[in-house]
Amino acid sequence: MPTKYEPKQAEAKWYPFWRDNGYFKAERNKGKTPFTIVIPPPNVTGNLHIGHALNNTLQDIMVRFKRMQGYDALWLPGMDHAGIATQARVEGTLREEGITRHDLGREKFVEKVWEWKERYAGIIREQWTKMGLSLDYSRERFTLDEGLSRAVREVFVRLYEKGLIYRGKYIINWDPVTRTALSDIEVEYKDVQGALYHLRYPLKDGTGYIEVATTRPETMLGDTAVAVHPEDERYKDLVGKTVVLPIVGREIPIVADDYVDREFGSGAVKITPAHDPNDFEIGQRHNLPQILVMDEGGKMNENAAGYQGQDRFECRKNIVRDLQEQGVLFKIEEHMHSVGHSERSGAVVEPYLSTQWFVKMGPLAERAIEAQKSREGVQFVPDRFEKIYLHWIENVRDWCISRQLWWGHRIPAWYCEDCGEMTVSREDIHECPKCASQNLKQDNDVLDTWFSSALWPFSTLGWPDETEDMKHFYPTDVLVTGYDIIYFWVARMIFTALEFTDQKPFEHVLITGLVRDAEGRKMSKSLGNGVDPMEVIEQYGADAMRFMLATGCTPGNDQRFRWERVEAARNFANKIWNASRFALMNMEGFRYEDIDISQNLGIADKWILHRLNETVKDTTRLLDSFEYGEVGRVLYNFVWDELCDWYIEVAKLPLYGDDEAAKKTTRSVLAYVLDQTMRLLHPFMPFISEEIWQHLPHEGDSLIVASWPEAKPELENTEAVKQMELLMGVIRSVRNIRAEVNVPIAKKIELRIKANDEEMLSYLESGKAYIERFCNPEVLSIGTDIAAPEKAMSAVVSGAELYLPLAGLIDIEQEIARLEKELKWLNSEVERVQKKLSNKGFVEKAPAQVIEQERAKEADYLDKQAKVKARIQELKG
RNA sequence: GGACUCAUAGCUCAGCUGGUUAGAGCGCUACGUUGACAUCGUAGAGGUCGGCGGUUCGACUCCGUCUGAGUCCA
């Protein structure tokens, strides 16, 4: 074995081994409890980023853990067609060739996108491989594949038939750059420094003006009314009168509506029903005409008087100038306001009157709320995200699901060119059911990508068919995703699942934070601060990256990516490697059948087995409660601080000695502990653990399907812990003193240890070999009646006192100072504990166990205090 | 405006349902190539857990409030 762990070799070897032996494939074994996760399908737009790496690592940890525990574990992979994003990318490549999608036509263009999809799907699978994900590729799905498309149609038609999908002319969020409608949550609001323009609209009867204010003056071209509050005394007499719209010359009414805020601006507002959601509603109430003044690209249209053809922002400048010249615009104020931007293109979103398809959310939301509140709800981890979800679903508005794109699920609605009938159908139709005309045209729009993602947990398992997979694996157990898509995805999966499967789609939702850059900034293409997970794996190995990501955060919180942390994880892997290497070098010819940890155990053997047992308990408990950061710490400390720093060091004694029985015991313990430790590490670090496990004496073909360790009561041994702690205390004290007076370990010293009592004495006696090994004494005397030498360094540990008569090396004054510092600390501890114990409230109310602990501490501190005090006296005397 | 998160060692962060001598990694100091590992070992320095108030026998942990940083929603 090489002295360093080589990730690349292990990774190249084990992934194909696992995959090709079918270990990733769920059995659909009715005798086993299923454990199901469906992967959040990455977009086929490009490479996976470090956020995917985090998200996927956590899922792989769960699945590997459950698989080892004997569950029928399924982790179902798949990808998302990502409508706008993918179409935009492909259009981008076309642009480089100087053509547009319109040059190609719909069919050809969609073919191009499929080619793109195939290419990126391959890249993504390669990246999953590199990360070591145990995905069941036999069940891989794509949101646009045949089965899922069928599910989408089924859902669409059923909702339509239930009256929960409708088509209508409403104000929606329009992205003039990608020329499509957006849903509410695809709009990002940003505070922008703009202006409030104050206008005076003249009354038709020539008796004066009415003042209105707007942040978008170009929309005045589409004004069809001015509204005031019905109880506003200032305008009481004006309601019902007519104003003449400047520039356009249109005569428009002054109407009264409750919506108007009397406090804002002049208390009168211009109404543009085709370009503002609130104005739209007022317009409906007052039967106002809806006049669109822009086209789909954000340019002014034929209704825009002389501004036709101008871009909306250019028009704004010109119209401001013109209105100023006419004296209509009399004041411009600076004004901070929130402006919607397209989440995809970044364009300023235009509220735009348009015919679109919508999902009526009321009944669906109601059911979701009811389910969540009835304790049958989805468990959010951490639970604070439940509130965020509930707040959204309680205030949700109808969902605009049509998109003016070509890449996606085309809306299954056909219009008869002859009789005008619209037909919604599961199957493609070629004849109008009303007039039998063959002159049909399918709706041009496609569905919002999230419409298909919303069905992901069950559509991937075969729904709407009652497949065996659906019966066995649904509902799923855990969904892992970021807080940024709770509304987009999590919420929508929940209400669609309830509607169509009568069950929640998953038991738990584990919410992760974002992986930010080292400075805490969001990773983004424009900043160029993204970290490529493949780069991390290339440099440090997949296991190091996985360990770092999984243990670097608490659920729901962001984490910063720091290379030092990857390096630390890599060093940990190397530590594991070398500990195993040591064991294996001393295990020549030792077989699995030779392992016997039932007899002849020494203190350290019992101790490490006890500690392993505790680690098994902790790891299992923490994995079950999604506390991966804590698991990481538990395993790191066990391996590094206990197994490597102590057990292996101690094990060298028998291994390099010639007591064959002791040697066999030590080998057994090492083999056993390492075997179990590799199992515990496997979900986090699958490659190195498998590599080592295969070298170790083992039973079975692969660690990936080895059984998960279980705590064994017979390995508990608190006595051994006490003994080991005494010995470690002694050894640490001696090392400390050696460092203090600069006596290297190689130099022999005299060591006298005075045990408090017979019990401590027996502990020390049975650990004498350890003390000799680590303290390198020339003379070692242990007893209950050891006399303190006159000139010596000393230390107290719980249960014993030690002296190092280091002739000639001791500066008495310095030693007194050192002990006095120690005494000072002990005094304060004694004071603290005694204060607590003399507090009546504490003794009366605290649990007995806590009081017991405090009493034990008091005794220990008092003992040490007395000894240190006495020692100082001796030295002074 | 509403909701939430964060504030703990020089830096980045843990600390689960209140009882620990408040931890880790990196960095820092001194020493060290003893037959797993310098991607290492040994020892050490470094924190009044953001401020104030409250609940409690007991608060880093619970509640209120203020300050600062950030996120989501309107």
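Protein chains get the first letters and strands the later ones, always in sequence-line order, with residue 1 at the start of each. Only this structure's heavy atoms are used, side chains among them; waters, hydrogens and symmetry mates stay out. Predicted, not measured: the structure shown is a model, and the values here were computed from it.
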- Message: For the base of B:A36 and the side-chain ring of A:Trp577, does the geometry meet a stacking cutoff of under 5.5 Å between centres and under 30° between planes?
- Response: no

State which of [options] makes the closest approach to the side chain of [X].
{"X": "A:Asn839", "options": "B:A14, B:A36, B:C57", "answer": "B:C57"}
{"X": "A:Tyr487", "options": "B:C72, B:U5, B:G19", "answer": "B:C72"}
{"X": "A:Thr554", "options": "B:C40, B:A36, B:A14", "answer": "B:A14"}

- Taking the nucleotide of RNA chain B with the closest heavy atom to each, which residue, A:Gln559 or A:Glu188, is nearer the 5' end? A:Gln559

- If you measure from the P atom in B:U65 to the same atom in B:C4, how many Å do you get, rounded? 11 Å

- For nucleotides B:U20 and B:G25, find the distance between their P atoms and express it as a whole number of Å. 23 Å

Going by modelled atom types, is there a donor-acceptor pair between the base of [N] and the side chain of [X] at under 3.5 Å?
{"X": "A:Arg570", "N": "B:U39", "value": "yes"}
{"X": "A:Glu649", "N": "B:A36", "value": "yes"}
{"X": "A:Lys840", "N": "B:C57", "value": "no"}
{"X": "A:Lys387", "N": "B:A3", "value": "no"}

- Message: Check A:Lys663 with A:Asp658, please: is the shortest side-chain N to carboxylate O separation under 4.0 Å?
- Response: no

- Message: So if I apply the side chain to side chain contact (heavy atoms under 4.5 Å, CB included) rule between A:Phe638 and each of A:Leu680, A:Val673, A:Thr619, which one comes out positive?
- Response: A:Val673

- Which is true for A:Glu630 with a 4.0 Å heavy-atom rule: it touches a base, it touches only sugar-phosphate, or it touches nothing? sugar-phosphate

- Cation over ring, A:Arg611 on A:Trp646, under 6.0 Å and within 45°? no

- Donor-acceptor pair, A:Asn578 side chain versus A:Asn574 backbone, under 3.5 Å? yes

